[in-house]
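Working notes for the structure below.
Sequence lines set the chain letters: A, B, ... in the order given, protein chains first and strands last, and positions in each chain run from 1.
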Amino acid sequence: MKGKLALDPAVVRKARSLARQAGRPIVELARKHTTVSVERATLRLAGLRGADADGIPWVNRLLDAVTADTGLEHGVAVPVWDALVRGEADDLSTLAQKASAGSIRFRIPEGRDLTRARAAARKQVGAGVKQVDARARERQRLVKRYGDPDHKPWIYLIVATGDIYEDIPQAQQAAREGADVIAVIRSTGQSLLDYVPEGATREGFAGTYATQENFRLMRAALDESSKDLGRYVRLTNYASGLCMPEIAALAGLERLDMMLNDSMYGILFRDINPVRTFVDQRFSRQVHARAGIIINTGEDNYLTTADAVEAAHTVTVSQLLNEYFAKEAGLEDSQLGLGHAFEIDPDLPDSFRMELAHAMLARDLFPKAPLKWMPPTRHMSGDVFRGYLLDGFFNLVGTLTGQDILLVGMMTEAVVTPWLSDRDLALQNVRYVMNAAGRLGEDFHPAPDGFIAQRARQVLGESIELLERILAHEGKHGLLEAIGDGTFGLMKRPADGGKGLDGVAKKAPGYYNPASEILEGK
Amino acid sequence: MKGKLALDPAVVRKARSLARQAGRPIVELARKHTTVSVERATLRLAGLRGADADGIPWVNRLLDAVTADTGLEHGVAVPVWDALVRGEADDLSTLAQKASAGSIRFRIPEGRDLTRARAAARKQVGAGVKQVDARARERQRLVKRYGDPDHKPWIYLIVATGDIYEDIPQAQQAAREGADVIAVIRSTGQSLLDYVPEGATREGFAGTYATQENFRLMRAALDESSKDLGRYVRLTNYASGLCMPEIAALAGLERLDMMLNDSMYGILFRDINPVRTFVDQRFSRQVHARAGIIINTGEDNYLTTADAVEAAHTVTVSQLLNEYFAKEAGLEDSQLGLGHAFEIDPDLPDSFRMELAHAMLARDLFPKAPLKWMPPTRHMSGDVFRGYLLDGFFNLVGTLTGQDILLVGMMTEAVVTPWLSDRDLALQNVRYVMNAAGRLGEDFHPAPDGFIAQRARQVLGESIELLERILAHEGKHGLLEAIGDGTFGLMKRPADGGKGLDGVAKKAPGYYNPASEILEGK
Amino acid sequence: MVATETAEGRILRPYGDTTGDGMVQVSFTLPMPHSKVAEGAAAQLANKMGIDPALVVHAKAMGPDFTFFVVYGRVNHLVDTSKVKVVERDYPLLSPKDINLAIRKGLRRRLAVVGGCIGTDAHTVGIDAILNIKGFAGEKGLEYYREVKVVNLGAQVSVPELVARARQEKADAVLVSQVVTQRDAHILNTKEMSAAFREAYPADRRPLLIVGGPRFDESASADLGVDRVFGRGTTPADVASFLVHRLVTQRPGRKAS
Amino acid sequence: MVATETAEGRILRPYGDTTGDGMVQVSFTLPMPHSKVAEGAAAQLANKMGIDPALVVHAKAMGPDFTFFVVYGRVNHLVDTSKVKVVERDYPLLSPKDINLAIRKGLRRRLAVVGGCIGTDAHTVGIDAILNIKGFAGEKGLEYYREVKVVNLGAQVSVPELVARARQEKADAVLVSQVVTQRDAHILNTKEMSAAFREAYPADRRPLLIVGGPRFDESASADLGVDRVFGRGTTPADVASFLVHRLVTQRPGRKAS
Ligand code: B12
Ligand code: B12
Ligand SMILES: Cc1ncc(COP(=O)(O)O)c(C=O)c1O
Ligand SMILES: Cc1ncc(COP(=O)(O)O)c(C=O)c1O
């Protein structure tokens, strides 16, 4: 399919192959390492749930015990199922309790013991993966029964009260008013927790904790809404952070439909160790792939700190890298919710046409990906009337350029987390634009060498230059070094710095992880 | 210049010639009649000012005295200047005072007396017309000095406090914020007064009275602003109503720049007698032509009572008739501010594209006319946020379709007459759209047989049918009969009904009006 | 969404994103130049309105003499729904068929209605929506009712003219529309009108006086001297049913003249 | 635009389109289904806010349990500008040159500043605008001042971490940013921070504590236990000048360590 910008296919091919060259060494690196979260995710897939009296999840307690004895480098599967096979406990949670009471010694078995341990592990983890498969099939059934939205872009709406029991009625109301996708924003700080909180929660800051129970409650509420509305309402949450793999597993088990999952967000915006992030994102994306979940990447974030015109190409580069990493992890084009945003200073001459140029570039570069188009935030102000207008023009770009997922902007962006009425007004805004101007695209034909086409080509050119600069870095992982010296968003993130490094280990010979094995289809 | 719609020139020619056929008999009719307001306007051009103790203008008192003696059919000029030549008084106002005291008898002189009276009248009225010419030259000078706006459309803003002394600071503030044209809306009901109030006024309802003094005060204030801003700020008021000719004369004398002046508005929307209206509008437009004033027609009004989709063609027909009458009265293309409006129900699918179609039709039919594009009103509601959004999309149509004068919409349209802050917000809205998307027209190319082009052709076709229906009426003034049986806006306005009929007279042989003579260049 | 349920009603607070948070949005202009003091003044006004804390989230100078503000905050007032007074429809809503029947049976003649916009008001769309066949919101107007005789005088009718026409048509009811409200034009005109009718008629023969318009307070009929006030979104059936209710069903003692 | 001028200030009303009209716009949601009663309830709330008459110009049901309202009307409160309390800058605004000079002369060493976002707040744009060379609104940040040593700890710094770094760097001042305000996070975090510093330092050696963010009340420093609060639109020069004023010009008795 040839896009409206008629980009030169050779240039596009070049951009992609540069991204592949930049990404491949990182994948190698990820293959060679494991993390505490990857191992805990494996235990979660095996069915280990719940937390101790202090709210520390059993997966954390058990893993800590195991690593104390055998380290992280062998993985958690072999020592744990070896213990089970040895009859130290008759199920995982009993084992976890005993282990954290210090009454179990873990070892790395050999010979037939090893084989038995591996087999047992693979069997139990496999059951978990089958559950994920079942939830994916369930989604397909429900989508068939209730149907997909009859329009593009899908309308994506955020709730963020901090209290799951306030979130639910607000989400249902939003769905009633036309939201196709509901995202529950996380409490600040969760991404830096090295564990996943347990249970239903009511005390988040500017967001609600991502927990398995909160996932379950909201998904159930939206299943109700889907039934009432005769339209399958999708649910989104965030994988990003120190627990990407575990949250990905929980999302698969609770049939979430989309997850925020960016290959570099944690590094750049949360100062999480780069290796930790790359290992975690790869595993989490393998789980998403299996669960049929659409990932949402976080390119919008670059534009909240950098200027949206100067930094436009960093968005494109990040999209190309996210695409490469995602496909390597097994995700289909139809699962790539690549992100971009309407963040150009509205006072710039032709700002609206530049937004069109950027949005069309993404559209034409990734014709099969369900692009996620995000609203103005940094140039929103306390002038809510002006904000409502900007959101209308953001919506117009969304429909004019064939975006797939439209994150609805709120007029109170600069003031508060969205109120119920903000959401209602915002949906009315989207409905007007889509209904009144939805087909305007037919009449919209930028001249082949006009302002819009030229701007798009310029951004693509700058993206290629940036990728070349990245590859120019000596050291075997060009991208790591590039991140280290501040190529992205001016933030220097050295490979040996950042949070969560202590949770990373180079795999020992004989490292075994049944989840990876199954997910990689071995 | 060929428009974006590529209308068939033959069809366009046909529409124009039908309008000419419909209008010609009406012009004949207008030639044969005079009205009290035409005669009073003549006295005003001759310099008669002021009012008596009860606020009745001297022009009314004098005309009443004259008609009591000699009737209206001979015109006011001959009897009045005959009296002056006879030495009944040494100036007009003394004459007016004496006459209204009943101490003067008027007559229709003959022979040399008649010639002298006519000569004297022509001399004095001619002086008034010269004043109008001087004001027109003054405008040219000031425009040259301060310059025209550097953008299209011109930004047209309304003030309407009812108090000229509140209007002035608001108008100056609006100019400072970017208004290119200021319109002072009239008090309700003024259009049905058969006299023009005198002096500065502070007590209008939902508008401020149109008086010579109010004109002067506001024009002076805006001259100040023009000086400060280095941009000539234009002033608009309303000619329409029972005093069209007089107000037109005052506008010319006080250098107003634009006047609302529609050939049928008074008939349809104020139930003013059709003959009265057609006579008055012709004379008033001759004065406007001389004064270099741009007229604004009132097609928007049709859409406030009728549906904007069903009645779209009535707008086009009215534009064609207004064009014919205006040119016959001596106005140039550059003085034809033909009106149309964004009044389609925003909930209709493709409503925005239909608005584009209608706006482009007007643009392509009248390539040289300074079109006046008017904002949504009837579908505005108390939801001021939605209203602000609609106004933004109205502004977008204005820039996309190359309109010349944009009447700025107010988010409080359904609530109050505009507040200071409404105007400020509205201008911010226009500025954003023009600056961010002003050149989007380059990228906007409706397909030759797409939705927009087809809709435009359909409306043009319906307009031709309507004109044909009008001509089909038997009776020598098809248009009069058509108006009589409700062809326009479903309002039946018989030629012998409506307000102000008693102020109309068929010209007697020897009728003389120096103003008409001069304005028609005889 | 629980809120204190009481026998008579409920005690509520405005809702931002959490029950009981009491959040509201306010905007206004102060006639002073923009400055820190001006922002403080805006906060002061918000406080006086009961908003505390008051966040002045937007302040924009409009020329040298004015500043526009947007304020967000928590208002500390409670809403007591049991104290709300509203004019609920206190008569049955009838179908056109029943209305015609009731008039024919009860009045034994057509019911005569005279209507228009008085004063300088030329907004006829509202009164036309009630009177003309075309009607409003899918409902046909009073002209459509066989048993109702409608005389629609249109716009800018003077009060004396209206009274005269009412007499001449032996009007059972007079319907007046007022849309322009600037400087309370609608109130003044309505009072003048009702006074004129009391002047012109003996109390027991005065036609039913009905006024309507988007900005009327429906509970103000007594003060305006009319029998009923209709506001935003009125439909012809509301009006027709009221006419039958007052002129036929609970018909005053006088015999039909 | 005349308004009662008094020695201390002016008495004003909000301005719609006429001096003294007192007009304001309000919007809010009530947790009740849309009905005439709900509109009455909205008017009641507006009345309690001092708006009378209150026009409920828009009412929209948001599902079965909520209704959104827009209200216009005249508020009867007066604004007294003489009663407005604002934190005006009470120190001279200096140029970078003068600031460097003052420090070199007055302190005879570089002035050390430690800054960051505490708690779970990751909004660094604000603190970076103040600290980083790039700066804000065309002004360079504190890093640009030769005589100022800046340590920017970035996002999500814990209070103990902050205190430790402050000690280690012998910080003269600690600059903290708080942007997330939901559930008063910014207030709680700031109080925790100031308490910790009072804990850790003898009063006469405690570094100057400065907090900033878009939603802070600049007059709340005492209550927050900090030396100064900076709000929306602060520029680096505001801050640098304040530092010189407090740490150099009116330097407390202690000798430079
Ligand atoms: C259409 C319109 C016009 C048309 C009117 C055409 C016509 N023949 O009616 C035209 C273009 C002529 C016009 C002119 C003016 N208009 Co105008 N107009 C409007 C507009 C856009 C819509 C009004 C309308 O038709 N509503 C639809 C009807 C169905 O609703 P409704 O009137 O409320 O009626 C319903 C109920 O109220 C009730 N009802 C009403 N009357 C009655 C009577 C009875 C007996 C009953 C039972 C019920 C009832 O039932 C109806 C159905 O539910 C409004 C803005 C807006 N969006 O509301 C401005 C508006 C009403 N106009 C306004 C003004 C100021 C004017 C002008 C004075 C401006 C000027 N100076 O030139 C002029 C002069 C007119 C005059 N002399 O009165 C202002 C009034 C401000 C105020 N509150 O005082 C408004 C609000 C716009 C604004 N913000 O400035 N206008
Ligand atoms: C950019 C941004 C982000 C970026 C931040 C990137 C970064 N590295 O900073 C990203 C995308 C990461 C982000 C994430 C989130 N954000 Co955010 N974000 C914004 C946004 C759009 C702009 C903020 C900004 O940069 N302003 C520009 C700076 C220069 O202004 P400033 O911070 O006010 O600073 C000035 C003054 O306040 C003062 N100042 C500030 N600090 C200091 C300190 C000192 C010492 C001094 C002297 C002065 C000073 O000086 C500065 C210059 O004048 C606002 C919305 C908006 N338009 O305001 C939302 C907003 C702040 N974010 C919000 C939220 C809720 C979040 C999330 C929690 C959402 C979520 N759950 O995912 C996340 C999580 C972040 C976290 N853990 O804290 C909310 C906060 C709501 C509230 N009031 O509580 C806002 C208001 C958006 C909204 N309406 O929901 N966000
Ligand atoms: C990809 C991605 N992950 C996560 C988040 C949420 O941030 P936090 O890490 O604070 O949960 C965002 C925020 O926009 C994001 O874009
Ligand atoms: C052509 C024209 N004249 C006059 C007016 C003003 O109406 P009125 O007659 O009430 O002054 C309008 C109102 O929109 C108009 O369009």
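Residue with the most contacts toward chain B among A/Pro346, A/Gly438, A/Gly450: A/Pro346 (heavy-atom pairs, distance under 4.5 Å). Ranked by heavy-atom pairs under 4.5 Å with chain B, the list A/Leu425, A/Asp391, A/Val433, A/Ile344 is led by A/Leu425.
The side-chain contact (heavy atoms from CB on, under 4.5 Å) with A/Phe385 is formed by just one residue from the set B/Val384, B/Asp422, B/Leu389; it is B/Val384.
Residues B/Asp383 and A/Gln428 meet the side-chain proximity criterion, which asks for heavy atoms closer than 4.5 Å. A 4.5 Å side-chain heavy-atom check between A/Phe451 and B/Arg439 finds every atom pair outside the cut-off. In this structure, the side chains of A/Asp443 and B/His445 stay at 4.5 Å or more apart for every pair of heavy atoms.
In this structure, A/Arg431 CZ and B/Arg386 CZ are separated by 11.0 Å, a value rounded to the nearest 0.5 Å.
Looking at A/Met354, neither its backbone nor its side chain comes within 4.5 Å of chain B, counting heavy atoms on both sides. Looking at B/Met411, only its side chain comes within 4.5 Å of chain A, counting heavy atoms on both sides. Proximity to chain B (any heavy atom under 4.5 Å) is shown, for A/Leu440, by both the backbone and the side chain. Only the backbone of B/Ala447 comes within less than 4.5 Å of a heavy atom in chain A; its side chain stays farther off.
Ring centroids of A/Phe444 and B/Phe444 are separated by 6.0 Å or more, keeping the two rings apart.
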Worksheet item: After noting the C-alpha distance and the side-chain angles of A/Asn435 and B/Leu348, does the key distance pass the side chain to side chain contact (heavy atoms under 4.5 Å, CB included) rule?
Response: CA-CA 8 Å; A/Asn435 179 51; B/Leu348 283 183; 5.9 Å; no
Discussion item. Apply ring-ring contact (aromatic ring centres under 6.0 Å, His included) to residues B/Tyr432 and A/Phe352 and explain how you reach the verdict.
Written reply: CA-CA 9 Å; B/Tyr432 168 71; A/Phe352 181 75; 7.5 Å; no
